[in-house]
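To find a chain, count down the sequence lines: A is the first, B the second, and so on, and within it residues start at 1.
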Amino acid sequence: MRTSGRLDIFPKRIDNLMLLIYAAFVLLGLLTIYSSAYTADLPSLFSLEKEYGKQVLYIGISIVVGMIILLIDGKFFINYSYHIYGFIILLLIAVLFTPAVKGAHSWFKLGGFSLQPSEFAKFATTLAFAKLLSSPNRKLTDNKTRFYAVSLLMMPAVLITLQPDPGTVLVFVSFLLVMYREGMSGIILLLGLLVAVITVMTIFIRDSVLLWGLLQGPWILVAFACMLFAVSIFVIRKTVRKRQRKTQVVRAIYVLVITVVVSLSTKLVHEHVFSDRHRDRFDVILGLIDDKTGVGYNQAQSMAAIASGGIVGKGYRNATLSNDQFNQVPEQSTDFIFCGWGEEWGLIGSVLFIVLYITMLIRIIMIAERQRSQYTRIFGYCTACILFFHFLINIGMVIGVVPVVGIPLPFFSYGGSSIIGFTILLFIFLRLDSERMDVLR
Amino acid sequence: MDSVQNRKFVILAIFILVGMIYVTRLIYVQIFDEDHKKWALTVSQRSLRILPDRGVVFDRNGKVLVKNENSYDLCITPADFGEEDSAEIGQLLNMSIEELRAILNVTGIERIVPQKAISGLEIEEMESLQHQLIESEAFHFIESSKRVYPGRIAAHVLGFTGIIQPKQLERDTANYYREQDFVGRSGIEQVYEEELRGLIGYRQIIKDNKGQEKQLVEYDTAIAGNNLTLTIDADLQEYGEQLMVNKIGSIVAIQPQTGEILSMVSAPGYDPNLFSGDGLRKNYDSIFNPKDTLQTSKNKAIYNDTYRPGSIFKLVQALIAMQEGVIDSTTGFPCNKIPMNCHNHPHPSNVKIAIQHSCNPYFYNVYRRLLLRGERKSHFLDSRIGLTRWENAVRSFGLGTAFETDIPGVKTGNVPDTTFYDEEFPRNKPYGRNRWAFSMIYSNAIGEGEIGVAPIQMANLAAIIANRGWYRTPHFVKAVGDSLIKDERYIRKNYSAVESKYFEPVISAMESVVVNGTARNAQIDSVRVCGKTGTVENKSFNDHSVFIAFAPREDPEIAIAVYVEYGTWGGTWAAPIASLMMEKYLRQIGSIQGARSEKSLAKEKRAFESVILDKNADIR
């Protein structure tokens, strides 16, 4: 299959579709950043005073980094997984001692540029995580392995929480999906879903009153859970054979206890731990507050930009909200970059974007599944799930189904650390994949 | 069953499901979410109205009566109003706390839009306020314009502009106005609002999140309102106002052939600039004060229609009687002072002498003949027929009906008819049908009784006599923009019921009144002035001094009515003022040349200096 000698130094069997999708996102992202900064008297595309100019630089660095990664033997990453992980953990500790920018200790200042180590924590954690789970005799049914795995995730998560950077912390939840794929019980996912549903419902009904003031807020849920519990005990007695009854009853008790605990603690957290800002973000998403000029401002502006795009959009560089000179959309080129895309290209553009993104995720899963190496497969799943969570939160935020959380759209958003970090993640995976025909590791 | 191998499908399903949910959500947001589409327009675009320049108003000679001048509006952005003490701000802005709260408590997107609080500030006022409000971001000044009345004259005629009233805003189905817009609220400003206001322009702009204009999308120029040329002669008007200083009353001067009102004075007057810009809000109460016994706010020339015409009405009586054939110009009646008193004068052996000496018994007899024609045996029935004929003839002189013209609030006056005596008079207990007769209503004979006229109607009467029998409806507008007005209402000749041949004896009499009668004070050198004095009786105060006149006798150029309230005799105050007005106008149009006489200057000095505000003063 050798064709020419020129590209010999690059591995064969690089997945071209993934490269194409990657190139598409990076390029479209750059065009969108350019468009949002567009004014009639714009300096050149390569001006480093403008975000798009810097992004060109970051993309250049990313390409170089990506090519270097493709040149490095996959063994290097596997062998040095823990070292890289350890190095990034040190960076995450060090960054806590930098001066705060906008209230967060997240950046190392290097001249005119700044480095955000939490963006690199994602691929570093992935390396270590894949290494741990692919080690011989590690099974996720085994409590010790679970403990190590969770500890591995918790370490960067806690450090990033201290910055604080809640958006990036949330991404670490995505590893749960990988653990599920690698044999963790699905019950945990379901329980996670249950917790999420109860949390949302508790906030949603926090001011509701039933039975003439007897039941209020979370107590409604508690009462409802007790009733459900009674009914299920009754049903279990009638339908389940005696021998299996015990496990079923225990499950029902679990559900009851979780409901009560989560519901009541959500109330406490919501009232006493959350700052007003966070509380308001939840309330806006749940439609409890409609305050477009106040607490709901960011979401109202971003949804307005997207909504105003209509079906076909306003056309390239014609955005009237998602443009720096109008400044209507906050964090225009980073977290809310999808507004510009949606406003300029309309529903057609945004659906194409989502199709392309989901295609990318499916492709990564397909590549992961064709691996003989467990390490590569786990790495692939981690990549897919991290990218998925960014998608879930970022797009969900700008279209008003997820509270406002600062998190970039991979490959698309402006930001050096982000694009370089994701490039490293993806390209390590592509390098590992290119070695899929090699001996089983 | 739950093979770990198959879990990839669960994960793929989650990815695809979320993708589908987001596509669905995007379909909703980008197609059906009207709320956010509207919000996008609200925050990012604005349609700015460009208010056109209001038309300039000129007098008949091209002098500016009303123009526009730059001014400043103060706007408050409620969202930026923070720590300031609203009571203190209210005091500073001369606004009540309620007015201020109404602005500050607007809701929704309006909170970030500057709200107009005060309009029409002078540049000095603006600078002083700007200095005091510099601490706060909530206050902005925007340029606008306000009406200015450079001559400070004709306040009652020109009217004023002010913020549109809620009711007018409701009636504005064409959707021209917005709240806080200025509209003509009285006088010429009101009547010619549509001509003066122009066409509003629009600027469609894209703004940033602070509301600052960033990009122009569409532009539609405003078209200035039409200029207006009035029939008013600014110099004559100003002179009239000076003559009427410290007096209560009015002057109306009409160009008889055209019906053009040359001047309309109502005294006391006020400076129309008081109400321009923000002035209306500040000064309204000082002029429109219900306790103001001088009724400064009222245009007495049209508003006071309950003046009895007094002796002047004898002119009308004589004309109608000759037309009806109940007398001729040579008919005489004895002046026996019965039933009305009279002063001593030569025997009224004809119409001319009777008018010249204003003989009361003579016109008692004339009126008696007009009302009692002997067509019915019953005096009641006979009076009824006679009154109807008389009344119709009187109305043909423009009395008892409101002119269809461009003067807002023009009133009818009163000419008593059969219904009036049947149902309305006396007010507490009307006579009732066939229960009144000539003997009960004869005081109408000499213009007392139940006849009520407004000064403009008296001036018009002078014009009718000057024209020998017809008038054009008195009006103010001469041209809109560049085109002379061609309104049928103002072109049509309205003929009185009296043929022109009957006017000569009356006119001769009027000239005698000036030459050697009660109005010798009205003489103008080298001009044949015709006039008639009147004295409107007041029971407990001095009588009103009234005079109507026209000049020159042949080919009249000006007809005039002057009312000086509490001035007692028509000849004492009204006649000299009328003559000064006529002389001024005739000199202006070149009918009189040469220097003014000593007599004229003395009259003028006397008028300028006299004060007739006390209802009982001895001012002879």
Side-chain angles (χ1 to χ4, degrees), chain A residues 39 140 177-178 180-183 185-186 189 290 292-293 297 300-311 313 319-321 323-330 342-343 346-348 350-351 353-355 357-359 361-362 365-366 368-369 381 384-385 388 391-392 395-396 398-401, chain B residues 1-46 77-79 106-113 204-215 217:
Chain A
T39 53
L140 271 171
L177 277 178
V178 185
Y180 166 72
R181 167 62 184 85
E182 294 305 318
S185 168
L189 287 188
D290 181 17
K292 293 193 176 75
T293 57
Y297 179 77
Q301 298 295 100
S302 88
M303 287 182 70
I306 294 200
S308 71
I311 296 176
T320 54
L321 284 96
N323 186 306
D324 288 348
Q325 61 172 325
F326 309 124
N327 208 15
Q328 298 279 10
V329 176
E343 187 179 351
L347 182 64
I348 294 171
S350 33
V351 168
F353 184 95
I354 286 176
V355 168
Y357 204 99
I358 299 297
T359 307
L361 296 180
I362 294 171
I365 296 293
M366 282 167 63
E369 285 293 341
Y381 266 93
C385 291
F388 169 68
F391 171 80
L392 178 78
I395 306 286
V398 298
I399 62 179
V401 293
Chain B
M1 159 192 111
D2 183 27
S3 152
V4 171
Q5 278 298 309
N6 287 335
R7 288 187 174 187
K8 66 177 176 202
F9 296 117
V10 175
I11 290 173
L12 286 174
I14 292 173
F15 291 175
I16 292 168
L17 184 70
V18 168
M20 278 161 51
I21 290 171
Y22 282 8
V23 166
T24 316
R25 174 72 177 174
L26 279 163
I27 289 173
Y28 167 73
V29 172
Q30 299 196 282
I31 299 181
F32 303 107
D33 187 356
E34 289 304 323
D35 180 35
H36 282 100
K37 280 186 204 292
K38 224 172 95 186
W39 185 249
L41 286 180
T42 314
V43 297
S44 74
Q45 303 208 354
R46 193 188 297 157
T77 312
V106 296
T107 51
I109 184 73
E110 293 295 306
R111 292 199 65 73
I112 58 170
V113 178
Q204 187 78 27
I205 61 149
I206 299 179
K207 56 183 179 175
D208 68 5
N209 60 333
K210 297 255 185 274
Q212 296 292 312
E213 175 180 346
K214 287 285 169 175
Q215 200 174 309
V217 182

Name the one of A:N327, A:V329, A:L321 that satisfies side-chain contact (heavy atoms from CB on, under 4.5 Å) with B:N209?
A:N327
Between NZ on residue B:K8 and CD on residue A:E369, distance to nearest 0.5 Å:
4.5 Å
A:Q301, A:E182, A:M366, A:E343: which one forms the most heavy-atom pairs within less than 4.5 Å of chain B?
A:Q301
Is it the side chain or the backbone of A:Q328 that comes within 4.5 Å of chain B heavy atoms, both, or neither?
both
Could you tell me which portion of B:V217 (side chain, backbone, both or neither) has an atom closer than 4.5 angstrom to a non-hydrogen atom of chain A?
neither
Do A:F326 and B:Q215 have side chains that approach each other closer than 4.5 Å (heavy atoms only, starting at C-beta)?
yes
Name of the residue among A:F391, A:F388, A:Y357 meeting side-chain contact (heavy atoms from CB on, under 4.5 Å) with B:F15:
A:F388
Distance, nearest 0.5 Å, that separates OG1 of A:T320 from CG of B:D208:
12.5 Å
Most contact-rich option vs chain B, by heavy-atom pairs under 4.5 angstrom, among A:G309, A:S308, A:A305, A:G400, is A:G400
Looking at every non-hydrogen atom in both residues, tell me the closest pair between A:L347 and B:Q30 and how far apart they are.
CA-OE1, 2.9 Å
On a heavy-atom basis, the closest approach of B:H36 and A:A307 is CB-CB, 3.8 Å
For chain B, find which of A:G313, A:C385, A:G183 contributes the most heavy-atom pairs closer than 4.5 angstrom.
A:G183
Part of B:I21 lying under 4.5 Å from any heavy atom of chain A:
neither
How many angstroms lie between atom CE of A:M303 and atom NZ of B:K37, to the nearest 0.5 angstrom?
11.0 Å
Check whether A:L392 gets within reach of chain B through its side chain, its backbone, both or neither, counting any heavy atom under 4.5 Å.
both
As an exercise, state the distance from CG of A:L361 to CD1 of B:I11, rounded to the nearest 0.5 Å.
11.5 Å
Smallest separation among heavy atoms of A:G396 and B:Y22, with atom names
CA-OH, 3.3 Å
Where on A:I362 is there a heavy atom nearer than 4.5 Å to chain B: the side chain, the backbone, both, or neither?
both
Given a strict heavy-atom distance threshold of 4.5 Å, which part of A:I306 is in contact with chain B: side chain, backbone, both, or neither?
both
A:A368, part contacting chain B, at a heavy-atom distance under 4.5 Å:
neither
Checking A:I354 against chain B: side chain, backbone, both or neither under 4.5 Å from a heavy atom?
side chain
With a 4.5 angstrom heavy-atom cut-off, could you sort out which part of A:S185 is near chain B: side chain, backbone, both or neither?
backbone
Donor-acceptor pair, B:R25 side chain versus A:I399 backbone, under 3.5 Å?
yes
State the CD1-CG distance between A:I311 and B:L26, to the nearest 0.5 angstrom.
12.5 Å
Side chains of A:V355 and B:V23: does their closest heavy-atom pair fall under 4.5 Å?
no
